[in-house]
Undergrad: 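Could you have a look at this structure, given as structure tokens, before my questions?
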Amino acid sequence: MEERHVLENHMIQQRGFRNVSALGQVVGFQVRVRVVAYKGFWSYLIGGAEVSIDGEAFTRYQITWTFRDRTYTQDELKDVASVHWQWTEPATLTVSRPGGLKPGNHTVRVSVRFLEGTTPQSTFSRDLILV
Amino acid sequence: MEMTRKEFLESIAVAGAFAAASSAKGVATAAEAPKKANIRRGVSLYSYIGDFQSAMTLEDCFMEMDDMGARGLEILSEAHVPDYPNPSNEWVDHWYKMLEKYRITPACYTGWLEDTTTPDETLQHLFRDMRLAHKLGFRRMRAKVAGSRVRPAPGTRVGPGFGSNIDPKWEDWVLKALPYAEEMDMKFGPEIHTPTMLNSQVVQDIVAFCQKTGTQHFGMQIDTGIFATRSARLGDSAFESEPDPARAKRSAGAMTGGQAGRPQPTPSQPKELLKVLPYAFSFHFKFWEMLEDFTEYSIPFDGIVAALKEGGYDGWVCSEYEGPRTQGLASLQLRRQHVMLKRLLGEYETA
């Protein structure tokens, strides 16, 4: 018996917005993002994501992409032929930030660039709560 | 080393005397040094009722709870268990998989006591719910009355809200339930909820019963709505029926226990919890409106948490959101409450 779960009707998901730890230290945070087009995108067409939280911008190399159980750097995506970022499955962006984010309200801004011509860049902003 | 039979019997006698002395102390009041508090956060699934199975599945609710680190779960039997009272084995397996995946512990199960004709029938319903609660991993059960066809006569002693065919003689009824509760490893009791305050006769009677019997299987669940210092601004917004002409005098004031034209009952103070805390097996952290600054509009959670710490409460506190049911609002409100609770419980310091 599979329990389905549904998504929020926004590119940026509140569910899954949390700090992440490794080896006992808080090393960053995660946020889940939906693809903007219902057709979805093959991962090799993803140019990359930019993330800023409350105006603090993170560089290309501070961000990784996770689809299901596999994680990729932004540079690796162009070589991944088999992953389809689809409408019903958000990707998880993990952002490196020692100490993570403070609890409470944050304005999260995500901008995704595509290499395919007709969809150059999509930018969304949403206020989320980190518990 | 082998003991003689005499030595063995002596060692048992010492252990027995020690146990008897310890358990005698166990029913003492909270005035004797309380143990260190172990307050754990949870959520009652009732909080999501507006979205449940319309905009959120069970898994969505559990994902939210996992995000918040809210590990305890309360459910309402008939609302949340498919094919109640006999969910399929397949669903029960699935239930446990979901609990494990999202690191959730069953904290309290609400079972309704049917408005039956006799107290014995009601007892059978209680046992049926205890079996189901036990099966789903619960060891705490709140018994909630469903309807009340017969109003007690004026002046009748009021019981703890099990139902009018039981309430005036509720102690006898509970005594009959205790052996089964013990068999099911279940602690059960009513909810203390507005307009019943902590200093009411009902609460005093419950405390007296627990002290007299020394039972470990009966107590009460306490709803923080009783501490509200002012009426909620925003109430529950369930499906709105056309008005029933026979009940035209209802008002939003009913949410906090007052009714149109009647004064509000004086709220309980958090420090009143100290006297009754040994008999409280569960808390509903009821709220209606978490503000942007992470405080609640009506309810003094800082005082409540302080009292639970001082009293050494070892148990779950489950959020119970009862504000408007706009899609997505429960999720936002619960997250605000859990930021507040994590701060009050000092959880961010040890993160």
Side-chain angles (χ1 to χ4, degrees), chain A residues 1-34 53-54 66-69 87-108 124-131, chain B residues 41 43 48 51-71 82 87-99 101-102 290-294 319 327-345 347-351:
Chain A
M1 174 180 276
E2 278 298 309
E3 183 88 43
R4 300 242 191 83
H5 63 271
V6 291
L7 303 173
E8 299 150 64
N9 194 14
H10 200 292
M11 189 250 199
I12 298 172
Q13 301 285 289
Q14 166 68 84
R15 235 165 267 151
F17 180 54
R18 51 170 83 178
N19 282 334
V20 295
S21 297
L23 302 171
Q25 306 271 348
V26 179
V27 294
F29 62 92
Q30 282 183 337
V31 63
R32 291 187 201 151
V33 291
R34 294 184 68 176
I53 307 286
D54 307 323
T66 304
F67 295 96
R68 296 202 181 162
D69 298 327
W87 182 241
T88 52
E89 288 192 41
T92 302
L93 299 179
T94 304
V95 182
S96 163
R97 186 185 195 274
L101 295 173
K102 288 191 175 58
N105 302 309
H106 295 285
T107 301
V108 179
F124 292 86
S125 191
R126 191 177 179 197
D127 287 339
L128 301 182
I129 298 176
L130 191 133
V131 179
Chain B
R41 293 177 292 119
V43 173
Y48 293 113
D51 293 322
F52 191 66
Q53 302 300 357
S54 55
M56 292 176 79
T57 64
L58 182 70
E59 181 163 24
D60 292 313
C61 297
F62 282 10
M63 287 166 81
E64 296 275 336
M65 289 170 65
D66 193 26
D67 278 350
M68 295 186 280
R71 299 276 157 237
S88 66
N89 288 334
E90 202 191 351
W91 185 83
V92 175
D93 287 342
H94 169 69
W95 166 257
Y96 278 102
K97 284 202 186 83
M98 286 286 109
L99 292 178
K101 184 173 179 185
Y102 295 103
M290 288 296 303
L291 303 171
E292 285 183 8
D293 67 356
F294 303 98
S319 303
Q327 186 175 323
L329 187 52
S331 170
L332 176 103
Q333 285 285 305
L334 286 164
R335 283 171 191 266
R336 284 186 184 166
Q337 200 199 36
H338 280 264
V339 170
M340 175 189 71
L341 292 177
K342 278 182 88 163
R343 285 177 180 156
L344 290 175
L345 292 169
E347 287 184 41
Y348 289 119
E349 279 98 64
T350 53

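Protein chains get the first letters and strands the later ones, always in sequence-line order, with residue 1 at the start of each.
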Undergrad: Between A:Leu128, A:Leu130, A:Val6, who has the most heavy-atom pairs with chain B when the cutoff is under 4.5 Å?
TA: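 Heavy-atom pairs under 4.5 Å are most numerous for A:Val6.
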Undergrad: Based on non-hydrogen pairs under 4.5 Å, which of B:Glu64, B:Lys342, B:Met56 is most in contact with chain A?
TA: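 Among the listed options, the one with the most contacts to chain A is B:Glu64.
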Undergrad: Tell me, side chain or backbone of B:Glu292 under 4.5 Å from chain A's heavy atoms, or both, or neither?
TA: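 Answer is backbone: N, CA, C or O of B:Glu292 sit under 4.5 Å from chain A.
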Undergrad: Side chain, backbone, both or neither: which part of A:Leu7 has a heavy atom under 4.5 Å from chain B?
TA: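 Contact with chain B is absent: no heavy atom of A:Leu7 under 4.5 Å.
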Undergrad: Tell me, side chain or backbone of A:Asn19 under 4.5 Å from chain B's heavy atoms, or both, or neither?
TA: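 A:Asn19 has no heavy atom closer than 4.5 Å to chain B.
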Undergrad: A:Phe17 and B:Asp67: which non-hydrogen atoms are nearest, and at how many Å?
TA: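 Minimum heavy-atom contact is N-OD2, 4.3 Å.
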Undergrad: Evaluate side-chain contact (heavy atoms from CB on, under 4.5 Å) for B:His338 paired with A:Ile129, printing each intermediate quantity in order.
TA: CA-CA 10 Å; B:His338 280 264; A:Ile129 298 176; over 6 Å; no
Undergrad: Check whether B:Leu332 gets within reach of chain A through its side chain, its backbone, both or neither, counting any heavy atom under 4.5 Å.
TA: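 Both backbone and side chain of B:Leu332 come within 4.5 Å of chain A.
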Undergrad: Taking all non-hydrogen atoms of both residues into account, name the closest pair between B:Asp60 and A:Arg15 and its distance.
TA: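 That would be OD1-NH1, 2.9 Å.
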Undergrad: Using every non-hydrogen atom in the two residues, find where A:Gly104 and B:Phe294 come nearest and quote the distance to one decimal.
TA: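 In terms of heavy atoms, the two residues are closest at CA-CZ, 3.7 Å.
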Undergrad: Is it true that atom CG of A:Asn9 has more than 12 heavy atoms of other residues, nucleotides or ligands lying nearer than 6.0 Å?
TA: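 12 or below, so no.
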Undergrad: Side chain, backbone, both or neither: which part of B:Asp93 has an atom under 4.5 Å from a heavy atom of chain A?
TA: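 Neither the backbone nor the side chain of B:Asp93 comes within 4.5 Å of chain A.
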Undergrad: Considering all heavy atoms of both residues, which atom of A:Arg18 and which atom of B:Asp66 are nearest to each other, and what is their separation?
TA: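 Heavy atoms of A:Arg18 and B:Asp66 come nearest at NH2-OD2, 3.4 Å.
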Undergrad: Counting only non-hydrogen atoms closer than 4.5 Å, does B:Ala70 touch chain A with its backbone (N, CA, C, O), its side chain (CB onward), both, or neither?
TA: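 Interface part for B:Ala70: neither.
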